[in-house]
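Right, one structure below, let's go through it.
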Amino acid sequence: MIKTLSQRLLGPVTLVLLVLTFWLGLWVTPPDKIQGNLARMLYVHPAIAWVALYVSFGTAAIASALYLWQRTRSVVMDRVAYCAMEVSTVFIILTLITGSIWGRPTWGVWWAWDARLTSTAILGLFELAYLALRRANDDPELRARRCAVFAIIAAINVPIIHFSVDWWNTLHQGATVFTENGNLLVHGIMLWTLFISLFAFTLLFFWLLRARYRVEVLRAARYDVALDEALAQRRREGVR
Amino acid sequence: MIRVALLVAGKDLRIERRSRVLLWQVLPFGVTALVLCGLALGPLHAGNSSAAPGLFYLVMLLVALLMINRAQVIEGSPGTKASVATLGLDPAGVFLGKALALAVELWLTGVVVLAGSVLFLHTALSGTLSAVPSVIVTLAALAAAGTLYGALSGGGQGPATLLPMLSLPAFAPLLIAGERSFSDALHGGSLWRWWVISLVALAAYLAIGILLYGVLEES
């Protein structure tokens, strides 16, 4: 009962938090002293990137690792990995688009060959390749195994993206919310809006993941029904 | 594991030596691609060595894709996987052997393409020679990654088209590191900075291959 209630609440709560994020971000928070209204992108872009890189890709990578581990190997892990990867692909494309929208007025170009941007785009390519690999194999077990290995290899890219701003001289800014010593750089309503946006987009991911997972289960069930029907037809033909 | 690796590498290299595909198809393709790159740049820029490192790695990338596909075709011939399974060969050794054979083939092609870049793209001989250690490591990393991605793409629908899709995102960092270290060698920069990335990538792909190649080859 509690589970059903939480499942029912997930969508509306996500929607309310997203509306709250946009209201706070667009009307309540003040413009930045240096960047002006452009700083409002801070309430969208980092939250989307957080979901793309850490929450959704992390879910896909962990589910893939659990699939490869004999004790936890199950079709559920494979489906979670696939669905999370698909959602992550959408979020990584949104990360690149929102980053470009911010980059054009700030850097003067839509795209810069910057270490953070390039490594993020490479992760996006990895995710598209994962989806291609998924469609290239018909055998469910072989497909699951190959995709799990591929997701783990792709996961190497995440720490590279995270530390790229420290390892190389980049146009992309470094840590924005906290300093290296853990002191806050953003305060007041701007900080709250930022945290609410992170929470809202994280919930949005889980809502999308749940919806996508249900579609995947239904699709698998439909495939099974179609297979049973085909087998039954062959049997009838054999009897005749 | 090492014994199995040497056996598999020997087998793959013997197949290459007998078929002469490397000599009569891959090497001419590499040189042709390099000449075409020069033509695409035009006579004014083709002789400018600043483009040479990137073109070298681009050609080697195309060659690597050809070689990986070919290695998968050899491995996919009827009965090969069944015989490997029957013999009980260590999958980690098989991976290392196939990666070693591919690396040797890429090194041989690399020598010819490097000579071509000195001839056609006018890279300084001394700078090119000082880039050789980084080229060896980067091509070995390409071979390790390529062997892994070859196994991932094999057997499914359209493996020849799937392979570039799977491997190019992984090859991109190697391409960047290789190109930068080659450029540093030509222009007297710090050799170590980018070479370390290729070394780390090589170690990472070897470790992943040793751990997971068996999972990919499970029937």
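Proteins come first, then strands; the chains are lettered A, B, ... in the order of their sequence lines, and each starts at number 1.
Looking only at side-chain heavy atoms (C-beta outward), Leu125(A) and Leu168(B) stay at 4.5 Å or farther from each other.
At a 4.5 Å heavy-atom cutoff, the contact between Leu128(A) and chain B is made by backbone and side-chain atoms alike. Contacts between Ile208(B) and chain A at a heavy-atom distance below 4.5 Å involve the side chain alone, from C-beta outward. Heavy-atom distances place the side chain of Ile156(A), and not its backbone, under 4.5 Å from chain B. Looking at Leu211(B), there are no atoms closer than 4.5 Å to chain A (heavy atoms on both sides), in backbone or side chain. Looking at Leu163(B), neither its backbone nor its side chain comes within 4.5 Å of chain A, counting heavy atoms on both sides. Both the backbone and the side chain of Ala170(B) come within contact range of chain A, with heavy atoms under 4.5 Å apart. Interface remark: Arg143(A) contributes no atoms to any contact with chain B (heavy atom separation under 4.5 Å).
Within a 6.0 Å radius of CZ in Phe199(A), no more than 12 heavy atoms belonging to other residues, nucleotides or ligands are found. Surrounding CZ of Arg3(B) are at most 12 heavy atoms belonging to other residues, nucleotides or ligands under 6.0 Å away. The local environment of CH2 in Trp207(A) is sparse, with at most 12 non-hydrogen atoms from other residues, nucleotides or ligands closer than 6.0 Å. Within a 6.0 Å radius of CG in Leu218(A), more than 12 heavy atoms belonging to other residues, nucleotides or ligands are found.
The two residues Val215(B) and Val149(A) make their nearest non-hydrogen contact at CG1-CG2, 4.3 Å. Residues Ala136(A) and Leu162(B) come closest through the heavy atom pair CB-CD2, 3.6 Å. The two residues Ile153(A) and Tyr205(B) make their nearest non-hydrogen contact at CG2-CE2, 3.8 Å. Listed here is the closest heavy atom pair of Pro169(B) and Ile122(A): O-CG2, 3.3 Å.
Counting only distance, with no hydrogens or angles, the side chain of Arg146(A) and the backbone of Leu216(B) share no donor-acceptor pair below 3.5 Å.
Each of Thr161(B), Leu166(B), Leu212(B) has some count of heavy-atom pairs under 4.5 Å with chain A, and the biggest count is that of Leu166(B). Chain B forms more heavy-atom pairs under 4.5 Å with one residue of Leu133(A), Leu123(A), Leu68(A), Asp139(A) than with any other, namely Leu133(A).
Distance check: Trp113(A) CH2 to Ile176(B) CD1 gives 8.0 Å after rounding to the nearest 0.5 Å.
The aromatic rings of Phe126(A) and Tyr149(B) sit tilted, their planes meeting at an angle between 30° and 60°.
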